[in-house]
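Before any comments, here is the structure.
Start at 1 and go down the list; that is how both ligands and their atoms are numbered. Below, each value reflects all heavy atoms present in this structure, side chains not excepted, and no hydrogens, waters or symmetry copies.
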Amino acid sequence: MSVRAPAPETVDLGDPGTFADHDLDEFWRTLRDTAPVHWNPPADGRPGFWVVSRHDDIMAAYRDDEHFTSERGNVLVTLLGGGDAGAGRMLAVTDGHRHHELRKILQRVLSPRVLNDVAAAVRANTRQLVREAVDSGGCDFAEQIASRIPMTTISNLLGVPERDRDYLLEQTKAALSADTEDVDEVDSEMARNEILLYFMDMVEERREKPGDDVISMLIASSIDGVPLSDEDIVLNCYSLIIGGDETSRLTMIDGVHTLAARPDQWRRLKHGEVAIDTAVDEVLRWASPTMHFGRTVVRETELHGVPLRPGEIVTLWHASGNRDERVFDRPGEYDLGRTPNKHLAFGYGPHFCLGSYLAKVEISELLMALRDFTTGFEQTGEAQRIRSNFLTGFSTLPVRFRPDDSGRKEVDR
Ligand code: HEM
């Protein structure tokens, strides 16, 4: 059950339970107004860290790779745990020249130009899943639709065989978005290792028998004349599967959850009163599936008069920046026609999300399939929240669909 947030100094953003047990809207507003650079004190053996809550400050920090680094981790779990094992090798936790070069390599497979076929496959898959669910009257949207779109897409890119996809999905959920307290940090760590081991085997296979997939492309790539090592490749596959699955899945679930509760906005979408691209951005702003990313200070700087010293951890909260009233008109309103919409869901600056185009394709195909195949939908049971201090959203969402027979015929013609 949601309860009102307590005073800022008693909220521990390092604790996943904080997000399951509290409605933090008021807390974030208070921080933005009175403490835009807030200190989250050490707790339960975890070090303390800075919390940045205003939209403009978050953008400025993302842009500033002179004072901040990603190489000591970019999410609380690694930042507080003393570093990221992928530092200097996995794109998101690599800076400088190597980041630039690695990004160019991965951009080759994730840029709009080369994703035509992938986008067509996303469309076919999404439409089939939504159609089947509408025909059967309803489903657990999280399990039967949202779980099957991003994982299929990213598996197609990486060349993961169909028989292994459910296994990988299970591991990614345990790695980051568990929905029970029974999955602790040790289980999550084991799941992360399982994924790494899985890709170790795949890299070995592809070295012997190259295919038309991202792993084979990475095997053939080099930086400054040195081929990528197996470890480099495995770590970046891991990051694509984690980055590409969880975030898009949670955004889609949140989109349907929110639309089910706001029939006025659903009608605007259904009747073509809002452009799909515009709606997708509001779905992203609202969901903000990654609540934060973080950096470590490498050179002393200051923000709002607060000195930030080398070694200190600075966390940037999309959960707050995307509701900042300094930037968004009526930030607490879900407005599918919102323009401009400078949301931070994909971050900003040199590490801006490399999969943003693909994510937008997935979300827009979902909205279009819903628009074409159903006249509306409602939530028929409780949605289970995940437990995390990094991701937010639901792991289950029971819904009932009302079929749109005329819309279907129109599409089938
Ligand atoms: C980076 C969010 C989908 C791959 C990021 C960052 C954010 C983000 C905020 C910046 C991290 C930082 O600055 O430390 C999201 C959201 C998504 C999504 C909200 C979906 C709704 C995807 C997809 C893929 C992907 C589909 C791949 C297929 C990546 C990669 C990076 C990244 C490789 C690292 C980029 C770099 O460091 O240069 N993502 N992402 N993401 N994302 Fe996404």
- Message: Taking ring-ring contact (aromatic ring centres under 6.0 Å, His included) as the criterion, tell me which of F141, F394, Y334 meets it with H257.
- Response: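 By the ring-ring contact (aromatic ring centres under 6.0 Å, His included) criterion, H257 pairs with just one of F141, F394, Y334: F394.
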- Task: Would you verify whether the NZ or CZ of R338 falls within 45 degrees of the ring axis of W286 while also being under 6.0 Å from that six-membered ring's centre?
- Result: no
- Taking atom types as modelled, is there a side-chain donor on E362 or S248 under 3.5 Å from an acceptor on the other?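 Indeed, the side chains of E362 and S248 share at least one donor-acceptor pair under 3.5 Å.
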- Message: Under 6.0 Å between ring centres: does that hold for F377 and W266?
- Response: yes
- Task: Return the orientation label for the H99 and H351 ring planes: parallel under 30°, perpendicular over 60°, tilted otherwise.
- Result: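 Plane angle between 30° and 60°, so tilted.
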- Task: Keeping to residues at least two apart or across chains, list the ring pair (Phe, Tyr, Trp, His ring centres under 6.0 Å) pairs with something in residues 54-82.
- Result: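 Found H55-F328, Y62-H318.
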Which protein N or O atoms sit under 3.5 Å from any N or O of ligand 1? Give atom names and distances.
residue: ligand 1; atom: 13 (O); partner: R295; partner atom: NH2; Å: 2.7
residue: ligand 1; atom: 14 (O); partner: N74; partner atom: ND2; Å: 3.0
residue: ligand 1; atom: 14 (O); partner: R295; partner atom: NH1; Å: 2.9
residue: ligand 1; atom: 14 (O); partner: R295; partner atom: NH2; Å: 3.4
residue: ligand 1; atom: 37 (O); partner: H351; partner atom: ND1; Å: 2.5
residue: ligand 1; atom: 38 (O); partner: H99; partner atom: NE2; Å: 2.7
residue: ligand 1; atom: 38 (O); partner: R103; partner atom: NH1; Å: 2.6

